[in-house]
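Just so it is clear: chains get the letters A, B, ... in the order the sequence lines come, proteins before strands, and each one is counted from 1. Scope of the values below: all heavy atoms of this structure, side chains included, with no hydrogens, waters or symmetry mates.
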Amino acid sequence: MSAGYTRYHPRWLRPRVSTYWWLRRTSYLAFILRELSSLFVAWAIVLLLLMARAVNSGEAAYLSFLQWASHPAVLTLNIITLSFLALHAITWFNLAPQAMVVKLGKSRVPGALIAGSNYAAWVVVSAGLAWLILSGG
Amino acid sequence: MTTRSVEPLLWTLFSAGGVVAAMVLPVLVLLFGVAFPLGLLTPPPHDYLLSLLRHPLTRFGGFVVCLLSLIHAAHRFRYTLYDGLQIKHLNEVINVGCYGGAIAISVWALLIVSR
């Protein structure tokens with residue numbers, strides 16, 4: 001919307017919000033950090049695709065991928081990525097009860113149970129994937 | 001109203017991607033991004049990993065994880081820029097950048113899993 005105004009079209013009464021509004025409170029900052037986890041989700045996919053491409057190209061490429069991943073800069077980025085992924089997962093599962101209303105008969109399934117079952121599924125999926133990847137070693 | 005908005009579909013894919021990303025990405029990044037490079041765990045041998053990746057279920061599941069996670073990330077980052085930086089005048093550039101990026105990486109993923 002144009003900011004301009006004329007004699008017959010008075011100025012909008014819209015208080016200007018600072019671009020840095022999210023630095024004003026811890027809860028705002030937590031919100032923006034949670035939303036920024038999206039960048040790290042995208043990076044995680046790129047990282048896994050680089051790994052898959054290297055594995056496809058042969059053993060030498062796979063070994064050089066592992067070497068590249070142990071470079072301090074890449075390792076630091078991936079540790080930060082892991083913490084943002086954990087932030088995403090925890091905030092996502094904690095919000096699940098608000099997004100899902102599950103009813104058993106007439107009573108509503110308590111939120112803690114929904115979040116709990118999400119966490120349980122997370123543990124099962126993670127353990128299954130880790131077992132699948134590590135069992136060949 | 002006869003025009004249909006694509007927004008509900010995007011929000012549905014956003015949710016599906018959020019679940020998928022939360023369930024499978026942390027453990028994969030923990031292993032391939034942190035534990036193997038740090039030497040905390042021995043990485044799987046190449047031939048084992050190759051056979052794992054070539055399995056039809058891994059190809060299909062891997063592609064679905066990539067596609068949904070990327071749409072989730074694109075949609076969320078779009079709104080982060082929208083709310084966080086309030087750069088609404090760049091909306092179209094941001095939309096093209098976010099969804100275009102997600103589509104481009106998904107195509108790359110499709111090429112990798114179909115090899």
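Looking only at side-chain heavy atoms (C-beta outward), A:Thr81 and A:Leu47 stay at 4.5 Å or farther from each other. Side-chain contact between A:Arg53 and B:Trp108 is present, with at least one heavy-atom pair separated by less than 4.5 Å. Counting only heavy atoms from C-beta outward, the side chains of A:Trp21 and A:Tyr28 approach each other to under 4.5 Å. Using a 4.5 Å cut-off on side-chain heavy atoms (C-beta onward), B:Leu10 and B:His72 make no contact. Side-chain contact between A:Leu87 and A:Phe40: absent, with no pair of heavy atoms (C-beta onward) separated by less than 4.5 Å. The shortest distance between side-chain heavy atoms of B:Phe32 and B:Leu49 falls below 4.5 Å.
Proximity to chain A (any heavy atom under 4.5 Å) is restricted, for B:Phe36, to the side chain, taken from C-beta onward. Of the atoms belonging to A:Ile79, heavy atoms from both backbone and side chain fall under 4.5 Å from chain B. Using a 4.5 Å cut-off between heavy atoms, A:Ser37 contacts chain B through its side chain alone, with no backbone atom that close. Heavy-atom distances place both the backbone and the side chain of B:Ile112 under 4.5 Å from chain A. Only the side chain of A:Phe93 comes within contact range of chain B, with at least one heavy atom under 4.5 Å from a heavy atom of that chain. Residue A:Leu50 touches chain B through both its backbone and its side chain, counting heavy-atom pairs closer than 4.5 Å. At a 4.5 Å heavy-atom cutoff, the contact between A:Leu132 and chain B is made by backbone and side-chain atoms alike. Of the two parts of A:Thr76, neither the backbone nor the side chain holds a non-hydrogen atom closer than 4.5 Å to a non-hydrogen atom of chain B. A:Val123 does not touch chain B: none of its heavy atoms, backbone or side chain, sits under 4.5 Å away.
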Solution key, residues 59-71 of chain B side-chain donor-acceptor pairs under 3.5 Å, sequence neighbours excluded:
{"unit_1": "B:Arg59", "atom_1": "NE", "unit_2": "B:Arg54", "atom_2": "O", "d": "3.0"}
{"unit_1": "B:Arg59", "atom_1": "NH1", "unit_2": "B:Val113", "atom_2": "O", "d": "2.7"}
{"unit_1": "B:Arg59", "atom_1": "NH1", "unit_2": "B:Arg115", "atom_2": "O", "d": "2.7"}
{"unit_1": "B:Arg59", "atom_1": "NH2", "unit_2": "B:Arg115", "atom_2": "O", "d": "3.3"}
{"unit_1": "B:Ser69", "atom_1": "OG", "unit_2": "B:Val65", "atom_2": "O", "d": "2.7"}

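With hydrogens and angles disregarded, no donor-acceptor distance shorter than 3.5 Å links the side chain of A:Trp122 to the backbone of A:Ala89. Distance alone, capped at 3.5 Å, is enough to place a donor-acceptor pair between the B:His46 side chain and the A:Val55 backbone.
When each of A:Leu36, A:Leu39, A:Ile90, A:Thr91 is checked for heavy-atom pairs under 4.5 Å with chain B, A:Leu39 comes out on top. The candidate with the highest count of non-hydrogen atom pairs below 4.5 Å against chain A, out of B:Val27, B:Leu111, B:Leu31, is B:Val27. Ranked by non-hydrogen atom pairs under 4.5 Å with chain B, the options A:Val125, A:Leu85, A:Asn118, A:Ile32 are led by A:Leu85. By number of non-hydrogen pairs under 4.5 angstrom with chain A, the leading residue of B:Val19, B:Leu53, B:Leu30 is B:Val19. When each of A:Gly58, A:Gly128, A:Ala44 is checked for heavy-atom pairs under 4.5 Å with chain B, A:Gly58 comes out on top. Interface check for chain B: of the options A:Val74, A:Thr19, A:Val17, A:Asn56, the most heavy-atom pairs under 4.5 Å are formed by A:Asn56. Looking only at heavy-atom pairs under 4.5 Å with chain B, the residue among A:Leu75, A:Leu63, A:Leu66 that has the most is A:Leu75. Comparing A:Glu35, A:His71, A:Met51 by heavy-atom pairs within less than 4.5 Å of chain B, the highest count is held by A:Glu35.
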Run A:Tyr62 and A:Ser57 through side chain to side chain donor-acceptor pair (under 3.5 Å) and show every step you take. CA-CA 8 Å; A:Tyr62 173 52; A:Ser57 310; over 6 Å; no
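By the neighbour-count criterion of 12 heavy atoms within 6.0 Å, atom CD of A:Gln98 is densely surrounded, having more than that number from other residues, nucleotides or ligands.
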